[in-house]
Amino acid sequence: MLKSATEIISDSWHLYINNWRKLVPYLAIIFLPTLILSLVGVASLYLEVYMPASSMVTNLIIMLVLAASFVLNLWASIAIAKALSAHILGQETPWKDNFTSSSHLIWPLIYTSILMGLIVMGGFVLLFVPGLIFAVWYNFYFYSLIFEGKKGMSALTASKLLVVGRWWAIAWRLVAPTFVFGLLNLAIVMGLSTLVKLFSLSQFIEMTASST
């Protein structure tokens with residue numbers, strides 16, 4: 001029997017709240033590229049003042065960091081899923097082991113994600129409804145790949161079999177938590193943005209530029 005959307009939201013909240021300390025290493029790794037980009041951004045402002053020709057090097061560094069960020073996010077997402085699954089099953093695993101055992105899934109996840117994206121995009125190109133149906137059908141490919149070792153169309157087919165016959169029920173259970181946690185995330189981002197504005201570097205940068 002499927003859990004209700006309310007139960008999914010409540011269980012997800014308690015799962016993360018009760019285990020946030022265990023998730024810190026994963027979140028730190030996800031945040032690392034953002035920190036590097038911020039430092040590169042600040043450094044580039046100084047370089048443009050003193051070395052105008054450095055913009056190409058800066059852009060190259062940013063592209064490399066963005067590529068690394070994409071890979072790290074996928075890697076961390078796999079490791080987090082495995083860590084939470086192990087916790088639910090009562091099998092605690094060190095975070096380093098989760099990362100080590102997840103590296104071989106990065107490439108299969110990339111090409112399966114691309115395949116899923118192309119299918120869903122094709123559905124939306126034909127008509128809106130087929131794309132929406134495909135998006136719900138194939139939503140669970142991530143878990144089929146990680147926990148069942150299926151890749152490509154095998155992972156997508158396994159996901160579809162979980163949804164067929166209860167599409168509306170699954171769709172609602174996907175939309176409701178996404179909406180609730182999306183609002184929560186938006187509130188956090190807006191709060192952090194306000195704090196950043198309070199400690200803006202714009203005046204400091206203007207002073208540095210005007211002093212040259």
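Because the structure is a prediction, the values reported are computed rather than measured.
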| message | Once side chain to side chain donor-acceptor pair (under 3.5 Å) is applied, do any residues pair with Asn98, and if so which ones, sequence neighbours excluded? | response | Tyr26
| Counting heavy atoms not belonging to Phe181, are there more than 12 under 6.0 Å from its CZ? | yes
| field | Closest contact, heavy atoms only, Ser10 versus His14 | value | O-ND1, 2.8 Å
| field | Straight-line distance of Leu84 CG to Leu15 CG, nearest 0.5 Å | value | 5.0 Å
| query | Any donor-acceptor pair under 3.5 Å linking the side chain of Arg173 with the backbone of Lys3? | reply | yes
| note | Hits for salt bridge (Lys or Arg N to Asp or Glu O under 4.0 Å) against Glu7, two or more places apart or cross-chain, chain-then-number order -> none
| Flag, side chain of Trp75 to backbone of Phe99, donor-acceptor distance under 3.5 Å | yes
| Flag, side chain of Asp97 to backbone of Thr93, donor-acceptor distance under 3.5 Å | no
| field | Ser101: side chain to side chain donor-acceptor pair (under 3.5 Å) partners, not counting sequence neighbours | value | Lys82
| said: Do Phe142 and Ser159 make a side-chain contact, defined as non-hydrogen atoms from C-beta onward lying under 4.5 Å apart? | reply: no
| Value rounded to 0.5 Å, distance of OG1 in Thr100 from CH2 in Trp95 | 8.5 Å
| Should Ile106 and Leu109 be regarded as members of a common hydrophobic cluster, given that ILVMFWY residues are connected when their side-chain heavy atoms come within less than 4.5 Å of each other, either directly or indirectly? | yes
| Linking I/L/V/M/F/W/Y whenever their side-chain heavy atoms sit closer than 4.5 Å, directly or via other members, would Ile8 and Leu184 fall into one cluster? | no
Donor-acceptor contacts under 3.5 Å from residues 116-138 side chains, at least two apart:
none

| task | May I ask whether Trp107 and Ile78 are part of the same hydrophobic cluster, defined by side-chain heavy atoms of I, L, V, M, F, W, Y residues being less than 4.5 angstrom apart, directly or through others? | result | yes
| What residue pairs, at least two apart or across chains, pass side chain to side chain donor-acceptor pair (under 3.5 Å) with a residue in residues 110-124? | Ser113-Tyr141
| query | If you measure from NZ on Lys150 to CG on Leu156, what distance do you get to the nearest 0.5 Å? | reply | 11.5 Å
| Joint hydrophobic cluster, Ile9 plus Ile17, side-chain heavy atoms closer than 4.5 Å | yes
| message | Does Lys151 have more than 12 heavy atoms from other residues, nucleotides or ligands lying within 6.0 Å of its NZ? | response | no
| message | Is the shortest side-chain heavy-atom distance between Asn139 and Val163 below 4.5 Å? | response | no
| Of all heavy-atom pairs between Ala158 and Ser144, which one has the smallest distance, and what is that distance? | CB-OG, 3.6 Å
| said: Quick check for you: to the nearest 0.5 Å, what is the distance between Ile88 atom CD1 and Asn19 atom CG? | reply: 8.5 Å
| query | To which residues is Trp172 joined in a hydrophobic cluster, defined by side-chain heavy-atom contacts under 4.5 Å among Ile, Leu, Val, Met, Phe, Trp and Tyr, whether direct or through other members? | reply | none
| task | Output the distance between atom CD1 (Ile80) and atom OG (Ser102), rounded to the nearest 0.5 Å. | result | 10.0 Å
| task | Determine, step by step, whether Leu174 and Ile170 satisfy the side chain to side chain contact (heavy atoms under 4.5 Å, CB included) criterion, reporting the C-alpha distance in whole Å, the side-chain angles of both residues, the deciding distance to 0.1 Å, and the verdict. | result | CA-CA 6 Å; Leu174 292 174; Ile170 298 280; 4.0 Å; yes
| Leu162, Val175: one ILVMFWY side-chain cluster at the under-4.5 Å cut-off? | no
